[in-house]
Structure formats: structure tokens, C-alpha cells
Asks: 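My structure is below; once you've seen it, I'll send some questions.
Positions are given from 1 along the sequence.
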Amino acid sequence: MWLLFSVLAACCFGLRGILYHWTSQQSLNRNVLLCGTFFMGALISIVCALVLHQAWTMSALIGVQMGLFSFGANASMFKGFAVGKASLVAILTGLPSVIVVVFAYFLWNERLNLLQFFAFVVIVVGILVVRYSNDITLRNLQGAGWGLLAMLLFAGNDLSSKWTTLVKAPLFPTLFFMFITGTCCFALWWIKDRLQEKPDNRVSTKWSEKQTFVIGMGVGITNVAGMILIIHGFAHGKAGLVSAVVALNVLIVLLYTRFILKDRFSRLEQSGLALALIGILMMKLVAS
């Protein structure tokens with residue numbers, strides 16, 4: 001069952017990545033969009049918690065930590081798509097499994113065997129090849145920085161999600177605390193920006209704040225569905241393995257950038273992308 005949940009989560013997060021990239025290219029307020037995304041998650045979570053009569057225990061407060069990690073990760077990924085190359089950001093944000101495997105070993109003694117370590121090396125080499133390919137520019141490097149930050153924060157969210165399954169935290173109350181924390185963070189950021197802007201200097205956008213919030217709610221459906229599925233995956237499988245399978249969501253984003261956006265890769269960059277993807281697949285196949 002862990003494999004089914006993980007694959008479905010990868011599909012949801014892949015669709016989320018596509019929607020993030022599309023919205024990042026539109027003239028809209030990022031904080032309003034992501035506030036709507038997390039608000040939809042909180043709304044769905046509290047409705048499910050009430051309908052299913054789930055208990056509101058102290059362990060559910062781990063969701064606050066998850067919300068902070070997710071707030072930083074989503075903001076970083078969105079910024080990376082806005083300023084950098086979509087394929088490079090997609091690869092970086094698809095590799096939290098590297099961090100998860102290492103920390104899971106020290107936290108829960110989920111051992112990294114020789115083949116898993118080899119897969120880790122293949123992934124890192126692939127990223128370095130992409131990082132130093134002849135197609136990299138200052139603009140792409142900036143996107144890589146945001147992508148790397150998103151990768152680290154998504155890993156923190158994955159590790160926190162695994163923790164909730166170990167302490168048997170109730171699913172939907174935990175997700176509610178996660179999403180309401182993210183909602184508040186983006187709302188405060190949005191308010192801060194509004195207060196700092198002078199009315200005459202506000203940048204006009206194609207979408208109104210109301211429209212942007214509604215679009216964000218639509219994106220939020222993919223986000224909350226992915227979180228429900230990945231937590232079920234963590235409950236049935238090891239953290240490193242589940243995270244590695246979910247990382248395959250990068251394939252969906254890359255197919256989008258290649259065939260829809262016509263994003264071309266240099267040969268060196270293609271080699272790096274291939275190595276990174278092979279490494280992810282190896283993590284999936286050899287983890288135990």
C-alpha cells in the first residue's frame with residue numbers, strides 16, 4: 001500500500017508543481033495565491049476531521065512545525081520558478097529524499113545500505129553536472145538557490161510527516177494545524193507588503209486579489225491531496241523509500257517543461273538531469 005500511496009502523492013505534487021510554475025508566470029500576488037492554497041488545505045482538513053470525529057490531541061500540534069517548513073518550502077519553490085529555469089528548480093525540489101534518507105538513519109535507525117549510498121552519490125553528481133552546465137547563467141543560479149532551499153525545507157516537512165505517524169497523531173487535525181499555520185504566515189506577509197506599499201506605487205496585476213485567492217484555493221486541492229497520500233505512505237513504509245518515490249513527481253514537471261514550454265536542454269544538462277533521475281529511481285528500487 002505504501003507504494004500506491006506514494007505514487008499517487010507524486011502525481012498530486014507533480015500537478016502542484018505545474019500549477020505553481022504557471023501561476024508564477026502570471027501577473028498576480030504570490031502571497032495571496034499561497035494564502036489561498038493553504039486556506040483550502042485547512043478548510044478540507046477541518047471538515048474531514050469533524051466528519052470523521054478525529055481527536056484533537058497534543059501530537060496534532062506537530063502540524064505547526066510542518067506548516068512552518070511547508071510555508072518556507074512553497075514560498076522558495078514559487079520564487080525559484082519565477083526567477084530561474086523551471087527544469088532546474090523542479091529537479092532540486094524533487095530531491096528531499098536525499099536529506100530524508102540521511103536524517104532517517106540518525107533519527108530512526110533506517111539504515112542506508114551500500115546501494116542506497118551509491119544512489120545518493122549518483123543524485124549529487126547529477127545535480128552538480130546541472131549546476132555547472134554551460135547553460136547556467138546568473139539568472140539560473142538564482143533559481144537554483146531557491147530550489148535548494150525548497151529542497152531542504154521539503155525534507156524537513158517529510159521528516160515531520162513521518163514523525164506524526166510514529167506518534168500516531170490524528171491525520172486531519174494535524175493537517176489542519178499545518179495548513180492554518182501556512183495560511184497565517186502568508187496572510188501576515190501579504191498584510192506586511194500592503195502596509196509597506198504606498199497606494200500610488202502599487203503594482204497593477206492582471207488578477208485581482210479575490211481572483212488570485214480563488215486560484216490559490218484550486219491549487220490547494222492538489223496540495224492537501226498530496227499531503228494526505230504521503231502521510232498514509234509514511235505510515236506504511238520507511239521514510240527514505242516513500243520520500244524517494246514521491247520525488248518522482250519531478251518527472252511530471254519535466255514532461256511539462258519539455259513538451260508544453262519547449263524548454264530545451266544542453267547535452268551536459270541532459271546528462272545531469274538523467275543522472276539525477278536515475279539516482280531517484282535507484283533510491284526507489286534499492287531502499288528497504
Side-chain angles (χ1 to χ4, degrees), residues 9 11-47 63-64 66-90 92-94 142-143 145-147 149-151 153-154 157 175-197 199 201-228 230 249-250 252-253 256-257 260-261:
C11 293
C12 289
F13 289 136
L15 180 57
R16 181 193 65 181
I18 291 172
L19 293 174
Y20 275 164
H21 180 264
W22 179 79
T23 53
S24 71
Q25 305 303 306
Q26 306 301 310
S27 178
L28 48 75
N29 188 305
R30 176 198 64 189
N31 293 324
V32 176
L33 177 89
L34 293 175
C35 184
T37 298
F38 277 76
F39 175 77
M40 175 57 85
L43 182 61
I44 292 175
S45 297
I46 195 170
V47 169
V64 175
M66 294 167 61
L68 293 174
F69 276 127
S70 191
F71 160 70
N74 280 272
S76 299
M77 182 169 69
F78 192 97
K79 182 67 174 180
F81 279 141
V83 303
K85 192 169 185 177
S87 56
L88 180 57
V89 176
L92 289 169
T93 57
Q142 187 179 10
W146 287 110
L149 178 59
M151 180 188 75
L153 294 173
F154 275 128
N157 193 36
L175 287 178
F176 171 76
F177 283 119
M178 169 188 166
F179 286 118
I180 200 64
T181 298
T183 300
C184 293
C185 287
F186 282 114
L188 290 172
W189 197 351
W190 170 27
I191 293 171
K192 179 184 73 69
D193 288 346
R194 288 286 302 264
L195 293 175
Q196 289 180 345
E197 289 179 347
N201 293 333
R202 285 180 182 169
V203 179
S204 60
T205 57
K206 178 181 179 181
W207 306 99
S208 68
E209 290 182 340
K210 181 178 179 180
Q211 290 172 321
T212 301
F213 191 84
V214 171
I215 294 171
M217 291 179 68
V219 178
I221 296 173
T222 65
N223 198 31
V224 69
M227 285 304 305
I228 292 171
I230 195 174
N249 73 81
V250 69
I252 298 173
V253 181
Y256 165 73
T257 62
I260 303 300
L261 301 182

Asks: Any idea which heavy atoms bring V32 and E209 closest together, and the distance?
Replies: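 Closest pair (atom of V32, atom of E209, distance): CG1-O, 3.3 Å.
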Asks: Could you measure the distance from the CZ atom of F71 to the CG atom of L34? Nearest 0.5 Å is fine.
Replies: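 If I round to the nearest 0.5 Å, the distance is 9.0 Å.
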Asks: Roughly how far apart are F13 CZ and I230 CD1, rounded to 0.5 Å?
Replies: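 Result: 5.0 Å between the selected atoms.
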Asks: Test of understanding: with side-chain hydrogen bond (donor to acceptor under 3.5 Å, both in side chains), list the residues that count as partners of S45, not counting sequence neighbours.
Replies: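 Result, side-chain hydrogen bond (donor to acceptor under 3.5 Å, both in side chains) vs S45: none returned.
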Asks: My understanding is that only residues two or more places apart in sequence, or in another chain, count here; which of them pass ring pair (Phe, Tyr, Trp, His ring centres under 6.0 Å) with F69?
Replies: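 Testing F69 for ring pair (Phe, Tyr, Trp, His ring centres under 6.0 Å), a comparison that skips the adjacent residues, returns none.
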Asks: Say you draw a straight line from OH of Y256 to CG of L15; how long is it, rounded to the nearest 0.5 Å?
Replies: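 Y256 atom OH to L15 atom CG measures 11.0 Å (nearest 0.5 Å).
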Asks: Can you list the residues that meet the side-chain contact (heavy atoms from CB on, under 4.5 Å) rule with Q26, with sequence neighbours excluded?
Replies: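 Q26: side-chain contact (heavy atoms from CB on, under 4.5 Å) contacts with W22, L28, K206, W207.
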Asks: Applying side-chain contact (heavy atoms from CB on, under 4.5 Å), name anything that partners A73, two or more places apart in sequence or on another chain.
Replies: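 Residues passing side-chain contact (heavy atoms from CB on, under 4.5 Å) with A73: L153, F154.
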Asks: Can you measure from CG (L43) to CZ (F176) and round to the nearest 0.5 angstrom?
Replies: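 Going from the CG atom of L43 to the CZ atom of F176 covers 9.5 Å.
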Asks: Please round to the nearest 0.5 Å and tell me the distance separating atom CD1 of I180 and atom CG of L175.
Replies: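 I180 atom CD1 to L175 atom CG measures 12.5 Å (nearest 0.5 Å).
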Asks: If I compare all heavy atoms of F38 with all of S70, which pair ends up nearest, and what's the gap?
Replies: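 Between these two residues, the closest heavy atoms are CZ-OG, 3.4 Å.
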Asks: Return the minimal non-hydrogen interatomic distance between D193 and N31, and the atom names on each side.
Replies: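 For D193 and N31, the tightest heavy-atom pair comes out as OD2-ND2, 3.0 Å.
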Asks: For A75, give me all partners under side-chain contact (heavy atoms from CB on, under 4.5 Å), at least two apart in sequence or on another chain.
Replies: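 F186, W189.
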Asks: Using 0.5 Å steps for rounding, measure from the CD1 atom of I215 to the NZ atom of K210.
Replies: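 Here the rounded value is 13.0 Å.
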Asks: Only distances under 3.5 Å count here; give the side-chain donor-acceptor pairs of residues 216-228 to other protein atoms, sequence neighbours excluded, each with its distance to 0.1 Å.
Replies:
{"residue": "T222", "atom": "OG1", "partner": "V219", "partner atom": "O", "Å": "2.6"}
{"residue": "N223", "atom": "OD1", "partner": "R16", "partner atom": "NH1", "Å": "2.8"}

Asks: Kindly give the heavy-atom pair with the smallest separation between L68 and C185, and that separation in Å.
Replies: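 That would be CD2-SG, 4.0 Å.
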